[in-house]
Every structure is written in C-alpha cells, then in structure tokens.
Amino acid sequence: MTILNLKEYNIYIGPIGTELSRIIEAGNYSHVSLLVDENTHRHCLPFLTKKINVDYSVIEIGAGELHKNLESCRAIWTRMMQLGMDRHALLINLGGGVIGDMGGFCAATFLRGIDFIQIPTTLLSQVDASVGGKLGIDFNSIKNSIGVFRNPKAVFVDPTFLTTLPEGEIRSGFAEVFKHALIADAGLWNDLQAVGDWSSLDWLPVLERSLRIKQQVVEKDPFEKGLRKALNFGHTIGHAVESFSLKTDRPLLHGEAVAIGIVCESWLSNCAGTLPLAELEKITAFVRRLYPPYIFAETNFAEILSYMKKDKKNRGGVINFTFIRTIGQAEVNQTCEEKWIEESMRYYLTSMG
C-alpha cells in the first residue's frame, strides 16, 4: 500500500487492510456510522464489512447528483440524531463524489463537527474528491454552492471498488485523471494516449500519479486562493453543461461534462494565444475517441451561460476560467467575452459531430 502523507491526514492507496480498523479503534469513538447509497450498500458494503472489526450502523440515501441537496442532509442529520451520535462519533462515507461531498458536509456541520473517513468507490471520487477537504451540496441547481472546507480523518483509495463500476462511471472519472495531466504533468498525458481498453489498465500507478498532482496543488493552496484554481480547468463550462443536462432526459455524469468543458476551455486557451493549435487538436481528438458526443442546441447557449454566471469562482460578475499555456502548464484567473464562450461551445459541437 502506498501512503500519501498530507499535513493533516493520510491517503492510503491500495487494498484496504488493517489500517482502517486501527484508525477507528485508536479514535475510541462513541458510535460509528457508515453512509451509503443503494448502489454502494449492495456492491461495496459487503466487501468493506470484511475489513472492519467494529460495530457500526448504516445510513442510506438515494444515489445520484439529484440527491445532493438540503433534503438529503436533513435526512442524514435526523438519522444521526436518532442513532444517538454525539461529538465523539465517526461517520464513514462509502461511495462516490455525492456521498463524500455530502457525507463530509453533514459530518463537518453536525454538532459543529465530528470526525469522518472517506472511502471513495468511484474513479472520479478517488482521484478528485479524496484530496482537499472541499465539502458541499448543490442548491438552486448550482453545483456545490453550499459547503465548507474540512479535512477527513483519513482517506482509503482501493482500486478493488472500480470493478463494481459500469463503463460510464470509469469514463467519467477518467476525465479528472487526464485533466490533472493537462494542467501539471505532460509525461502523464503522453502515457495516457495509449489508453483504449479500461479493463486492461493497471489502475494503481494511475491513481497514485493523479493523486500526487492534486496533493501538490492543494498543499500549496489549501483554500483555493490562487494555484488551486488550476484544478478548475474544464469545470467552468463543464459545471454549467452538467447543470443544464440534469434538467433534460439525458443527464450527464460529472466527468462527462468536464470532458466537454476541457474541449471548450482548451479552445479558449488557443484563442487567448496560449495553447498551440496542434495541442488543441490532440486534446479534441483524445476526447472524441473516448467520450460519446453530447449534442445540445445553440438555442441552449444562453441557459448554459446563465449557469456560468452563477459559478462560485466568479468575481465581480465576471466569469472566471483556468486556461492552459501548453500541455502540463495552467494559467488561472482568465476571462473572455461571452461571444467567445459561445464560440467554444460551437467548436465542441462541430468537432464532436
């Protein structure tokens, strides 16, 4: 097992062993609860049960981004109170990004904060949400607009859980992997060009390299004042397209939307005179090869732009982006006119069709 030592907690990468039970026992917790959804209850909890030797209760919520809201938080807090959890209790979040974000948020705010452990079970949550202590929920259709910063007690990233995922979930999480490469590691980007068959990929070194990138960024800028904004590459447009899609009959997974945002924001980077055209074309071809196109109409541009204008990264009413200068180098706090944002979405639709 590989251990990434962060300042306040460790990330354990590899098969879950005795370390999880050791941490729980050392905490001498008054109560231990596991937060799951119906999918992780069925596919992941039986595996985890074999790895922990303590009594625990289970709190279950609905699966998916549509449940990442105050109503679900109310249900979680109510159940925590019914179980008699106090300030010396522990919440273990077993699931993807929704479970980790919302479970961590509920733990961080319950009785002004209790300990929690993250056990991400999707590729997306393993390489993205497992580092940095950003917790939150969606509100008024705006992703992650209510939340806090609080670090977990520990994070366990076990690639065994990836075998439980459908291909769409793997594809979604992979967007964050190659995003990390685009902003900080040209060598990783080059290595990822060979990816074609997910089932043959050795995930351990991919997870470790991707997590080390995010670790380095987050430790230099824990509260997203500067450098950490590089991690938002692809997310300004991606989040807006995702929010739009959730109201349609074809909702996108987070990483699928980020892949769209990466193409659009790479185009904007090229227009800004930073990213060379040849590299834009490589990024576009890579996304086109691995991700099915998501077709929306130009008449939807105004609605998608309206979501961007509500993005929490904005300042002074100006939409904020991260661009890339070249593959492996990011530039934060970039802006552009709305007409160019629309052109970037038009580029995506044309290049993916």
Side-chain angles (χ1 to χ4, degrees), residues 20 24 29 31-49 51-52 54-86 89-111 113-126 128-130 133-148 150 152-158 161-162 164-166 168-169 172-173 242-243 245-247 251-255:
L20 174 58
I24 296 173
Y29 294 107
H31 189 100
V32 177
S33 284
L34 269 68
L35 179 66
V36 298
D37 61 30
E38 61 262 35
N39 294 326
T40 54
H41 197 165
R42 182 184 310 115
H43 299 293
C44 303
L45 185 57
F47 168 80
L48 185 64
T49 299
K51 303 295 181 180
I52 54 177
V54 297
D55 293 330
Y56 62 85
S57 54
V58 174
I59 303 173
E60 182 176 334
I61 61 169
E65 188 77 24
L66 292 175
H67 295 280
K68 189 178 173 182
N69 53 39
L70 277 174
E71 287 72 21
S72 295
C73 290
R74 183 189 299 273
I76 294 168
W77 288 321
T78 298
R79 186 59 182 146
M80 291 167 78
M81 286 187 171
Q82 290 172 344
L83 291 168
M85 295 177 69
D86 58 24
L90 172 73
L91 184 67
I92 300 176
N93 299 312
L94 178 68
V98 172
I99 289 288
D101 282 358
M102 185 161 55
F105 175 72
C106 287
T109 50
F110 184 71
L111 302 178
I114 65 171
D115 283 353
F116 62 98
I117 290 174
Q118 304 284 47
I119 306 182
T121 59
T122 64
L123 178 57
L124 177 65
S125 60
Q126 289 184 351
D128 183 40
S130 61
K134 287 170 68 174
L135 312 167
I137 58 171
D138 305 339
F139 187 71
N140 283 349
S141 299
I142 307 300
K143 281 182 62 64
N144 303 319
S145 51
I146 305 294
V148 298
R150 189 181 179 98
K153 191 73 175 177
V155 176
F156 288 83
V157 175
D158 188 338
F161 291 120
L162 302 183
T164 70
L165 300 177
E169 288 286 353
S172 175
E242 182 182 3
S243 295
S245 77
L246 293 176
K247 293 187 173 183
L252 287 166
L253 295 173
H254 173 72

*Does Leu252 offer a backbone N or O that forms a donor-acceptor pair with the side chain of Ser245 under 3.5 Å?*
yes
*Using the salt bridge (Lys or Arg N to Asp or Glu O under 4.0 Å) rule, collect all pairs that involve residues 135-145, keeping only residues at least two apart or in two chains.*
Glu65-Lys143, Lys143-Glu242
*Excluding sequence neighbours, so at least two apart, what forms ring-ring contact (aromatic ring centres under 6.0 Å, His included) with Tyr29?*
none
*Donor-acceptor pair, Gln118 side chain versus Gly100 backbone, under 3.5 Å?*
yes
*Give the C-alpha distance, both sets of side-chain angles, the deciding distance and a yes or no for side chain to side chain contact (heavy atoms under 4.5 Å, CB included) between His67 and Asp37.*
CA-CA 10 Å; His67 295 280; Asp37 61 30; over 6 Å; no
_Interatomic distance, Cys44 atom SG to Leu34 atom CG [nearest 0.5 angstrom]_ = 11.0 Å
_Testing the basics here: between Met81 and Phe110, what is the closest heavy-atom pair and its distance to 0.1 Å?_
CG-CE1, 3.7 Å
_ring-ring contact (aromatic ring centres under 6.0 Å, His included) against Phe105, all qualifying residues, sequence neighbours excluded_ = none
*Kindly give the heavy-atom pair with the smallest separation between Ile99 and Leu35, and that separation in Å.*
CG2-O, 3.8 Å
*Any side-chain heavy atom of Ile52 within less than 4.5 Å of one from Val32?*
no
*At what distance, to the nearest 0.5 angstrom, does CD1 of Ile76 lie from CD of Glu60?*
11.5 Å
_Is it the case that the side chain of Glu38 and the backbone of Ala63 share a donor-acceptor pair, with hydrogens and angles ignored and the cut-off at 3.5 Å?_
yes
*Can you see which heavy atom on Met102 is nearest to which on Cys73, and at what distance?*
CG-SG, 3.8 Å
*Please report the closest heavy-atom contact between Pro251 and Leu246, naming both atoms and the distance.*
CB-CD2, 3.9 Å
_Any side-chain heavy-atom pair of Asp158 and Ile119 under 4.5 Å_ = no
*asked:* Suppose we screen for side-chain hydrogen bond (donor to acceptor under 3.5 Å, both in side chains). Which residues come up paired with Ser172, at least two apart in sequence or across chains?
replied: none
*I would like to know whether Phe161 and His43 meet side chain to side chain contact (heavy atoms under 4.5 Å, CB included); could you show each step before the answer?*
CA-CA 9 Å; Phe161 291 120; His43 299 293; over 6 Å; no
_Distance check, rounded to the nearest 0.5 Å: Ile117 atom CD1 versus Leu90 atom CG?_
4.5 Å
_Looking at Leu94, is its backbone amide N or carbonyl O close enough to the side chain of Thr40 to form a donor-acceptor pair, meaning the two atoms are under 3.5 Å apart?_
yes
*Counting N and O atoms only, with roles assigned by atom type, does the side chain of Asn140 sit under 3.5 Å from a partner on the main chain of Ile142, one being a donor and the other an acceptor?*
no
_Counterpart residues, side-chain hydrogen bond (donor to acceptor under 3.5 Å, both in side chains), relative to His31 (two or more places apart)_ = Ser33, Ser57
*Pairwise side-chain contact, Thr121 with Asn39, heavy-atom cut-off 4.5 Å (strictly under)*: no
*What residues, two or more places apart in sequence or in another chain, satisfy ring-ring contact (aromatic ring centres under 6.0 Å, His included) together with Phe116?*
none
_Arg42, CZ: over 12 other non-hydrogen atoms inside 6.0 angstrom_ = yes
*Nearest non-hydrogen partners of Pro120 and Val155, listed with the distance*: CD-CG1, 4.0 Å
_Contact summary for Asn93 and Gly104, nearest pair of heavy atoms_ = ND2-N, 3.3 Å
*Interatomic distance, Ile61 atom CD1 to Lys68 atom NZ [nearest 0.5 angstrom]*: 10.5 Å
